[in-house]
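To keep things clear, I will list the structure first and then write my remarks on it.
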Amino acid sequence: MTNKAKLLQGDEAVVEGAIAAGARFFAGYPITPASEIAEGLAEKLPVHGGKFIQMEDELASMACIIGASLSGLKSITATSGPGFSLKQENLGLGMMIEAPCVVVNVQRVGPSTGLPTSPSQGDVMQAKWGTHGDHPVIALAPSSVKETFELTVKAFNFAERFRMPVILLLDEIVGHMREKVVLPKQEDIEIWDRKKPEVGPEDFNPYEETEDHIPPMPAYGEGYRYHTTGLFHDKTGFPRGTTEDAKKLMDRLMAKIEDNMDIISLYETDIRAEDEVVVLAYGSTMRSVINAVNRARDEGINVGWIKLKTIWPFPEEIVKKISQDVNTIIVPELNRGQLIKEVKEHVFGNAEVRGINKYDGTLIKPDEILDLIREVK
Amino acid sequence: MTNKAKLLQGDEAVVEGAIAAGARFFAGYPITPASEIAEGLAEKLPVHGGKFIQMEDELASMACIIGASLSGLKSITATSGPGFSLKQENLGLGMMIEAPCVVVNVQRVGPSTGLPTSPSQGDVMQAKWGTHGDHPVIALAPSSVKETFELTVKAFNFAERFRMPVILLLDEIVGHMREKVVLPKQEDIEIWDRKKPEVGPEDFNPYEETEDHIPPMPAYGEGYRYHTTGLFHDKTGFPRGTTEDAKKLMDRLMAKIEDNMDIISLYETDIRAEDEVVVLAYGSTMRSVINAVNRARDEGINVGWIKLKTIWPFPEEIVKKISQDVNTIIVPELNRGQLIKEVKEHVFGNAEVRGINKYDGTLIKPDEILDLIREVK
Amino acid sequence: MPNKGKVKITHPNRCKGCNICVMYCPTDVLKVVDGQITVTDIDGCVGCFNCELSCPDFVLEVVEEDDK
Amino acid sequence: MPNKGKVKITHPNRCKGCNICVMYCPTDVLKVVDGQITVTDIDGCVGCFNCELSCPDFVLEVVEEDDK
Amino acid sequence: MKYDIDRFFRQDKLPHIWCPGCGHGTIMANLARAIDKADLDPDKIVVVSGIGCSGRASGYMNFDTLHATHGRAIPFATGIKLANPELNVIVITGDGDGAAIGGNHLIHGGRRNIDLTVILMNNHIYGMTSGQFSPMTPTGANATTAPYGNIDQNFNLADLTKASGASFIARGTAFNTRQLIEIFNDGLLHKGFSFIEAISQCPVNYGRRNNMDTAVEMLKWQKESSVNINKWDKLSDEEKKGKFPTGVIYKEDKREYTEMYQEIIDSVQKEA
Amino acid sequence: MKYDIDRFFRQDKLPHIWCPGCGHGTIMANLARAIDKADLDPDKIVVVSGIGCSGRASGYMNFDTLHATHGRAIPFATGIKLANPELNVIVITGDGDGAAIGGNHLIHGGRRNIDLTVILMNNHIYGMTSGQFSPMTPTGANATTAPYGNIDQNFNLADLTKASGASFIARGTAFNTRQLIEIFNDGLLHKGFSFIEAISQCPVNYGRRNNMDTAVEMLKWQKESSVNINKWDKLSDEEKKGKFPTGVIYKEDKREYTEMYQEIIDSVQKEA
Amino acid sequence: MDRYEIRLSGAGGQGMILAGIIIAEAVLYEEGLNVTQTQSYGPESRGGASRAEVVLSNDVIDFPKVIKPDILVSLTQKAYDKYSQDVKEEGIVIVDDSIDTTDSQNKTYQLPIFEKAINEVEMKLTANILVLGIIDNLIPQIRTSSIKKAIKNRVPENTVAVNMKAFSVGKKMAEGGNIGE
Amino acid sequence: MDRYEIRLSGAGGQGMILAGIIIAEAVLYEEGLNVTQTQSYGPESRGGASRAEVVLSNDVIDFPKVIKPDILVSLTQKAYDKYSQDVKEEGIVIVDDSIDTTDSQNKTYQLPIFEKAINEVEMKLTANILVLGIIDNLIPQIRTSSIKKAIKNRVPENTVAVNMKAFSVGKKMAEGGNIGE
């Protein structure tokens, strides 16, 4: 038996996904077009014994969910471009101290105040590079309300499993669109919780180098009395200021991602042996892609598509592989060409790479993609 | 006649360069390793009738220099990684409203608090992508104290000439190193000031589309009474919320850069016809490169170098050109591989690209580069 | 200087029908009709400026007779 | 409970020679010698705890005689 | 009294985008009347605003105007003023923009006592984003993010800015327009950091959710809740309950920041 | 009185990095004594600090400890506390960390009256970055960024936090350690937002530049400048000049944030 | 019919988005079809341009926004001017009779929507529901009973009666004008 | 001699960085050579590890940091342990006599630096200038007059005398130990 179909906004699907994944803490600040997530969780969290708090600003919201995560709750915040910029410093701390949490960015057109009510995919590169210094990033981007629910759950699972903040990149269309969605039964949803220490406080190192590179994490108040800091630190959690510790920690943080690319890289493909053109996209843009590819195939054109659900880490293996099988990769994006840079880097001359870019708050229409498919075919 | 040689820190050279370029306003906040810039300007600005203010936080500092720029003063702030993260939102406003100003980031090892007193080139990608949305960026990176003076002047000139914030990316080594430098005479320094309107207030549009894409800019109080906003706006400065205006403005902001790549792209090369390997670097890393290349040539190896002073916009033309002439490009960086991504994107398979990466707060030693040169030669 | 002027709807297209001026008018000379402010009794206007001062939308002013 | 204990330099290696305890001592039994705090007159110690309470560096404590 | 204010507005931008009955228009109009009364040179006035409904005010006023980022109007204004102290710099902010995200800049502006006139339009709600509670939403009230009633305390902004060091503090209402003009006038002419809380009304996003469906009802609430500062101190604690004082609450002659900085320049340059 | 505080410190991290004569060590030690006195369960204590000299305190204290970003300790602590209200959450901050960049969080923490104990070590300077002025550097004093003397006003942090809504406000000094223990003890046991300003001394980066070369001189200044709150009100304005009150300055029984939130949960869950 | 597209346009506060949601809920909950509902709006809560769109289909809906509407409703001149070009050749345009449609390329009905809402329903704010009555018969995939049910589920309980009245006034206007026959 | 490298190491507050700056200024302002001076330090103002480096050359200096020092000075055991490995084979090591150097591979002088600073100069803080006196003769490119001038230019005016005394105490120690002969 399945649940009944619902008409839900993407923002509402984040609320449902968060509750289903076990989120019990939200801190946020009003911003278009993400406020509906706060409003939904303000209503639903206390029903589940969880907590909602509206903070004084975006920076405080990010700090607050990291704090709640350290106290043991699955935590989430939601914002849009300007708030995402403001959250960057504390997001970096979250990555450094390995605090599981989920940060939603419902993208609107930037820079600055921009076009606050119009969709964009303009924060894709910021999601990877927005905070200073090297750092590991997982960012997921849904293309439908249903995927929004699924990837919200995934985001919490990745956050807990790999012990790090995970970014969920909606765009305004996916966030505000209402669409039919059938939510899975709670018992059918796979849930990951953070690893807890198996040793007592006396034998505990909060940043122990384990085989999977993921240190177990007790909650505050459980008697482990450990230290955590935004400085580079060794396994005890303390800074020694040595170069070796800095490299060791950075390599471990990155290894959590690099060693688990097969788990983290989420994508779907529809590429046939005969396809010579592939359209690569993510988020709401993907919907135009499927429309265009289907119509192009009706015209007899050998074209397929790849939908990235994981944006960061960039699923480079599949792109490298595809680049050897096709002549052209088309990358439509609601920005001036961001993820296409990764595509070019990894294609590295093995196929032609062409972009389609809209950055005026309107969607890329299926016809615009179809036109380019016809041109390059 | 020239000035006498001085022993100056890079941070002090920023102070000298700013004063020489005509900077008359600084707002900042204490942070290692950039505080010396604030301290120097706190002392020197009032001597020249300029103003220094220490703000309550990093965000306010960025806001404050944009305000001072609108009042007509050449303005500057200085920070390091964590502060650079905090400045991102207001930096985006500066780009949107086209406020000339200079933002110095003396890079230390991140993410988060990281290694506050150790050098890094870890904020190179953040300089381009740190604020949300697409946006134009100019970022310069000096490799010596002398270049720090020169590029500080350049940064102000680009800021005024192209009417936008310009980022000056030092690293802790360049910032704190003392070195011999002979400052040019003031009369020998090329100075650009922002274009002023040639029409009266009644005929004035603050964001007029001009041939060079750069709208003239009156100071507040000069009677033009114009409006400026972080929303997308038309030539009158007002938002109409239309998609056409958004695209038009973004294209113009980008055209300021794209149409002036020959002026903005600053680099030096020492590549001989016979060279088959080129080492590409920037900032303090460049000093090891020159040492290594000279020694490799002594061994008879055909190797040259290119030093980027302009990091953003990435000088893609010269890299494309070089990639057709050599077999291998080596890119040493004090990070986990940032600008090498741009190199790979633009080389696009035309040459092998190899990185050397240090991210533990120590410098890349000449021998490490020499070893790779020998390996790939 | 009350009584020197009378209310005038100078910018009817700006009126949003909020009724604020109606509340302030001491002599009930204003009324929102079909979402639009109207002067129902100009002779009753005492030129107190309450409406002008309170209007959020720059709709009406008190003007001297010869200003008309 | 003064007089029940006497000052003891429990962690000499932590002393930074700041002279704060010296200032507080009511009976002048402490002195910084070569940058290092020393007890010059243990008999004079009245066990007032001033030094222990004021030391920024966890260097000394007032301990009961049999604690030694 | 007749004021000449058409010249202070960009007529082609009107009607403004604020909802029917919103108090922001009234407050903005009376700010213009105070500017007229104070006889300031419009070429030397700069209006800086942040984000939110109040943020839109700068676009309508015919001066040099800056519609900046959320909460940061005061530091932008600080740069504008310190760079050119002959400018009259007015900050228009809201209860979300000025008291939530911008709270730090508010208290530090006050601490520096820099010569800005800060007008905080307090409509007790985030209006632009459709009704989340702000630090000024009354405890117990409903908001989209307080579906079970708001548990947050409010700031007393007059107390807070006074404690910060500001030298002119006043409160007015969209209801009492004549008082508002006087207060604005005094604040504009005061040399130092002037903070004026102007109580506004948001029928759509606050009133509707809190049993005040119309602007008229909300204005009546302002009338009934406000007490002139001259009478305030004579009230008992019981009488003060649910009420707030209006008028000039605090005023002090105190050294102003840009003047002090100019003294540094003068003395350094004299030495050199 | 003898306190048992060794157990509250990570002995292997001592000696700490603070300079000779720095008051932070004294304040931290006496915080531990107050924890001993208040008999709190060390497993349920969390210490959160920001960046700067004060920020290093968390590393030495043997509890769950978080050394967070600059100025943001209070929102981190807010998340920790709201997520698990049974924890005793102590924030250690400084005059730069807590009153400059962290000012907004300080006043909003107070406004919410969330049950945190915030200890602001005020050494009147940015020490870690070698001597820039802070909002608490006295007007006229020298600092690396005030080479011609500081023109900034200071905050009165007790006034500011009181105006923000905090329900327990106190001030102590590194000089008067017995009073400090009492104040910390009271603040720890108070249910609500407790703010305690602990005056510290920085001989290296403040004293040296301002005619107080040693810690001893600076402690004497603290002694001479501080007046117990019991005697403060009896002083004339003239006598108050250059002095400050110490002790518990304000205390109020007021509803606490996490308790109010729990009531929402209870009532919503009862309905469901 | 594979894909059917509806665009409702007007000013903020006129309830166009609510009307769009009601159609979408009727399609999904009562007719069991696929549906996407999107909107675009300005910063204003009241008065600015506002647009709601509904796409319905038996099939999976890929592109979620209206490409060429089968029905365009415009309650303001500004909205009409902006959107009337896009309408499908055989599409239908419904506007308030205050709107000038002289250059229309489509079958266009100018109807006294606000007048009827004000005078017959006696509540101007119900114009959005009245519009649903007008277009009800035009949408082949939705039964009248479905849309009525969706209205009842969505409007505040104390306004159900007045909204149902608005709906039937709209239905009558459609019949009078032979719309959707 | 093309490139000459000096590393001064100790704890924060011992003035190692100032000593490095003085050498660099003597090299540049008095000898007219190229010079780079760098440092590394921890968060502590007092007590943490601190290191100053000076590289001098007739030529352009590319790599600005010390690779293999010609002179290493260490005032703390920690600094000595960390840096003594790197010293050039023919390089010279100068340490305070409190430091254990049993495993040294280099020509190493253990000298009573702090003792002399305390007892002869009567100011422990002048140990850094005293060190300059000790190493003065070791650095071939710098004349004694140059380094004296640089000291006078850098130290606070009211401490010139005591610092010059420290310098000559250092000089004497060098002569006594036949250092730099």
Side-chain angles (χ1 to χ4, degrees), chain A residues 59 80-82 84-86 88-89 92-93 95-97 105 107 109-118 120 122-123 125-126 128-135 229-232 241-247 250 254 335-338 341-342 344-350 358-362, chain B residues 59 80-82 84-86 88-89 92-93 95-97 105 107 109-118 120 122-123 125-126 128-135 229-232 239 241 243-247 250 254 335-338 341-342 344-350 358-362:
Chain A
L59 297 86
S80 187
F84 197 54
S85 289
L86 290 168
Q88 290 299 329
E89 194 206 8
L93 181 87
M95 289 158 178
M96 191 68 145
I97 70 172
N105 175 358
Q107 296 166 92
V109 187
S112 197
T113 321
L115 291 174
T117 58
S118 298
S120 167
D123 306 344
M125 289 298 261
Q126 187 193 24
K128 172 125 174 97
W129 300 108
T131 195
H132 59 284
D134 295 301
H135 52 274
T229 173
L231 290 162
F232 277 100
T242 66
T243 58
E244 309 85 63
D245 286 348
K247 178 167 162 46
M250 179 55 66
M254 292 301 192
N335 57 45
R336 248 176 153 265
Q338 296 195 4
K341 297 174 70 70
E342 286 283 329
K344 283 186 183 165
E345 177 187 338
H346 294 292
V347 164
F348 207 60
N350 285 323
K358 275 268 187 85
Y359 40 94
D360 61 359
T362 64
Chain B
L59 297 84
S80 187
F84 197 54
S85 289
L86 290 168
Q88 290 300 329
E89 194 206 8
L93 182 87
M95 290 157 177
M96 190 70 145
I97 70 172
N105 175 358
Q107 295 166 93
V109 187
S112 198
T113 321
L115 291 174
T117 59
S118 298
S120 167
D123 306 344
M125 289 299 260
Q126 187 192 24
K128 172 124 176 100
W129 301 108
T131 195
H132 60 284
D134 295 301
H135 53 274
T229 173
L231 290 161
F232 277 100
T243 59
E244 309 86 64
D245 286 348
K247 178 168 162 44
M250 179 55 67
M254 293 300 192
N335 57 44
R336 247 176 153 267
Q338 295 195 4
K341 297 173 70 70
E342 286 284 329
K344 283 185 183 164
E345 177 187 338
H346 294 291
V347 165
F348 207 60
N350 286 323
K358 275 267 186 86
Y359 39 96
D360 61 359
T362 64

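Sequence lines set the chain letters: A, B, ... in the order given, protein chains first and strands last, and positions in each chain run from 1. If you're wondering where the values come from, they're calculated on a predicted model, not measured in any experiment.
- Side-chain contact check for A/S112 versus B/M95: every heavy-atom pair is 4.5 Å or farther apart.
- Annotation: the span from B/F84 atom CZ to A/H132 atom NE2 amounts to 11.0 Å, rounded to 0.5 Å.
- Contact between A/F232 and B/P111 at its shortest, heavy atoms only, is CZ-CD, 4.0 Å.
- For A/M125, the parts lying near chain B are the backbone and the side chain together; criterion is any non-hydrogen pair under 4.5 Å.
- The residue among B/K128, B/M96, B/E89, B/Q107 with the most heavy atom pairs within less than 4.5 Å of chain A is B/E89.
- No other option in B/V347, B/I97, B/L86, B/T362 has as many heavy-atom pairs under 4.5 Å with chain A as B/L86.
- Of all the listed residues (A/T242, A/N350, A/L231), the one sharing the greatest number of non-hydrogen pairs under 4.5 Å with chain B is A/L231.
- Neither the backbone nor the side chain of A/S120 comes within contact range of chain B; no heavy atom of the residue lies under 4.5 Å from a heavy atom of that chain.
- Distance CD/B/E345 to NE2/A/H346: 10.5 Å, rounded to 0.5 Å.
- The backbone N or O of A/D360 lies less than 3.5 Å from no partner atom in the side chain of B/T243, so there is not a single donor-acceptor pair.
- Comparing A/G110, A/P116, A/A246 by how many heavy-atom pairs each has under 4.5 Å with chain B, the most go to A/G110.
- Side chains of A/D134 and B/Q338 form a contact here, defined as non-hydrogen atoms less than 4.5 Å apart.
- For the set A/D245, A/T131, A/T229, A/N335, the entry with the most heavy-atom pairs within less than 4.5 Å of chain B is A/T131.
- Of the two parts of A/L59, only the side chain, counted from C-beta on, holds a non-hydrogen atom closer than 4.5 Å to a non-hydrogen atom of chain B.
- In this structure, chain A has no heavy atom under 4.5 Å from any part of B/E244.
- By the 4.5 Å heavy-atom criterion applied to side chains, B/M250 and A/R336 are counted as neighbours.
- For the options B/G122, B/S118, B/G130, B/G230, heavy-atom pairs under 4.5 Å to chain A are most numerous at B/G230.
- Here the OH atom belonging to B/Y359 is positioned 8.0 Å from the CE atom belonging to A/M254, to the nearest 0.5 angstrom.
- Residue with the most contacts toward chain B among A/G114, A/S80, A/G337, A/G81: A/G114 (heavy-atom pairs, distance under 4.5 Å).
- In this structure, A/E342 and B/K341 have side chains that are in contact, with non-hydrogen atoms separated by less than 4.5 Å.
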